[in-house]
Amino acid sequence: MKIGILGSGNVGQKLSSLFHGAGHEVLIGTREAGAAPGNPAVRHGSFAQAAEHGEVVIIAIPYVACEAVLPPLKSSLKGKVVVDATNPLNNDWSPLLLGEQSSAGEQIARLVPDSRVVKAFNTVFADSMTPERLNRGGMKASAFLCGNHPEANDTVAKLAQQAGFAPVNAGSLSCARYLEAMAHLNIQIATKMGGGTNAVFLYHQAAA
Ligand SMILES: NC(=O)c1ccc[n+]([C@@H]2O[C@H](COP(=O)([O-])OP(=O)(O)OC[C@H]3O[C@@H](n4cnc5c(N)ncnc54)[C@H](OP(=O)(O)O)[C@@H]3O)[C@@H](O)[C@H]2O)c1
């Protein structure tokens, strides 16, 4: 599958390597096309090229940058699965509160209303997005996801599985509020309690 990634930072690079390793055709877009480091096997270009290239396009830039970056890409993203991997954070990683009535995922869906937005990968630290660290004693790191389009959720769940995560579908896009709160918890433990970023959620569900 063709995957476009907006952003060549920690998350963009790690996800691009995982998806490339799973056999997908990845193109990373950056604001300065061609300037990105990372896996030399992965193609690089502009945000516009990544948005055009991807059947699935992953947002891996700061949430606060989306309001400027996404509107010009709206037509390229039309009808596509857009994965929101962002967390609404201030510069010091503290939560940027959106209130009880919304989430970064829902706000992003408003910026690209003709796309099928799926919230995913925001609950996993980039530092843990390697084949070795996703595998925890036989259990795979959980990748919680949610969105209003069941077939888009299924597409992202399948991609997550191929990349080495254990996908957990949480339901509609409003559940992004819960997924973002999980990420805030993850960051709190990592940065304020000395837990570090080599840490993942492992969701264990007994068979019914
Ligand atoms: N790090 C994690 O563990 C983690 C885990 C899950 C989710 N997330 C979320 O994933 C997103 C990316 O995180 P990251 O850690 O990969 O960040 P990062 O390493 O700082 O990379 C951010 C990327 O966004 C670009 N960018 C920054 N400001 C921009 C702007 N104003 N306009 C356009 N592009 C801009 C950067 O481009 P330049 O290189 O040109 O600055 C870079 O490509 C964030 O929303 C974060 O909350 C992070």
Side-chain angles (χ1 to χ4, degrees), residues 5-19 21 28 36-39 58-67 69 83-109 117-147 153 156-157 159-161 163-206:
I5 299 185
L6 307 179
S8 62
N10 296 308
V11 172
Q13 286 184 32
K14 288 289 177 50
L15 285 180
S16 73
S17 277
L18 291 175
F19 289 127
I28 295 189
N39 188 336
I58 301 172
I59 304 173
I61 59 175
Y63 166 67
V64 291
C66 291
E67 205 171 327
V69 170
V83 178
D84 168 28
T86 74
N87 281 308
L89 300 174
N90 294 307
N91 285 338
D92 64 357
W93 284 31
S94 64
L96 178 66
L97 293 176
L98 292 173
E100 292 173 8
Q101 304 303 320
S102 196
S103 59
E106 291 160 281
Q107 295 300 114
I108 283 173
V117 173
V118 179
K119 184 94 202 177
F121 305 117
N122 71 304
T123 60
V124 186
F125 284 124
D127 273 357
S128 294
M129 292 178 181
T130 65
E132 301 72 29
R133 289 187 172 187
L134 289 179
N135 192 336
R136 303 280 168 158
M139 270 190 92
K140 299 287 179 67
S142 303
F144 296 90
L145 62 99
C146 64
N153 290 353
V156 176
L159 285 175
Q161 191 157 36
F165 301 87
V168 182
N169 187 346
S172 66
L173 190 60
S174 61
C175 295
R177 300 170 200 182
Y178 307 146
L179 270 58
E180 289 166 20
M182 289 179 74
H184 296 322
L185 173 69
N186 214 15
I187 292 167
Q188 159 71 16
I189 295 169
T191 63
K192 300 287 192 335
M193 304 307 291
T197 51
N198 182 359
V200 298
F201 289 109
L202 298 172
Y203 187 74
H204 179 258
Q205 194 172 42

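- A 6.0 Å sphere centred on CG of Asn90 holds more than 12 heavy atoms belonging to other residues, nucleotides or ligands.
- In this view, Ala60 and Ile5, Val11 satisfy the side-chain contact (heavy atoms from CB on, under 4.5 Å) rule, not counting sequence neighbours.
- Using a 4.5 Å heavy-atom cutoff, the side chains of Glu106 and Gln101 are not in contact.
- With hydrogens and angles ignored, the 3.5 Å screen pairs no side-chain donor or acceptor of Glu180 with any backbone N or O of Asn87.
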Item to complete: Check the pair Leu145 / Asn153 against side chain to side chain contact (heavy atoms under 4.5 Å, CB included), numbers first and verdict last.
Response: CA-CA 7 Å; Leu145 62 99; Asn153 290 353; 3.8 Å; yes
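- For the residue pair Val124 and Met129, the shortest heavy atom distance occurs at O-CE, 3.4 Å.
- For the pair Lys119 (side chain) and Thr86 (backbone), a donor-acceptor distance under 3.5 Å is present.
- Between Ala163 and Phe19, the shortest heavy-atom distance links the atoms CB-CE2, 3.7 Å.
- The closest side-chain heavy-atom distance from Pro62 to Leu89 is not below 4.5 Å.
- Taking all atoms of both residues into account, the shortest heavy-atom contact from Cys146 to Ala176 is SG-N, 3.3 Å.
- Heavy atoms of other residues, nucleotides or ligands lying less than 6.0 angstrom from OH of Tyr178 number 12 at most.
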Discussion item. Walk me through whether Tyr63 and Asp84 qualify under side chain to side chain contact (heavy atoms under 4.5 Å, CB included).
Written reply: CA-CA 9 Å; Tyr63 166 67; Asp84 168 28; 5.9 Å; no
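- Minimum interatomic distance between Leu173 and Gly105 (heavy atoms only, all atoms of both residues): CD2-O, 3.7 Å.
- Of all heavy-atom pairs between Val156 and Ala120, the closest is CG1-CB, 3.9 Å.
- The side-chain hydrogen bond (donor to acceptor under 3.5 Å, both in side chains) pairs that include a residue from residues 182-194 number zero, where partners must be two or more places apart or lie in different chains.
- Partners of Ala143 by side-chain contact (heavy atoms from CB on, under 4.5 Å), not counting sequence neighbours, listed by chain and number: Phe121, Ala160, Phe165.
- Taking Pro131 as the reference, Leu18 meet the side-chain contact (heavy atoms from CB on, under 4.5 Å) condition, with sequence neighbours excluded.
- Remark: Tyr203 engages Phe144 in a ring pair (Phe, Tyr, Trp, His ring centres under 6.0 Å) (not counting sequence neighbours).
- Here the side chains of Phe201 and Val168 are not in contact, with every heavy-atom distance at 4.5 Å or above.
- With contacts defined as side-chain heavy-atom distances shorter than 4.5 Å, the pair Asp127/Asn10 does not qualify.
- In this view, Asn198 and Arg136 satisfy the side chain to side chain donor-acceptor pair (under 3.5 Å) rule, not counting sequence neighbours.
- Closest approach of Ser128 and Arg133 over heavy atoms only: O-CB, 3.5 Å.
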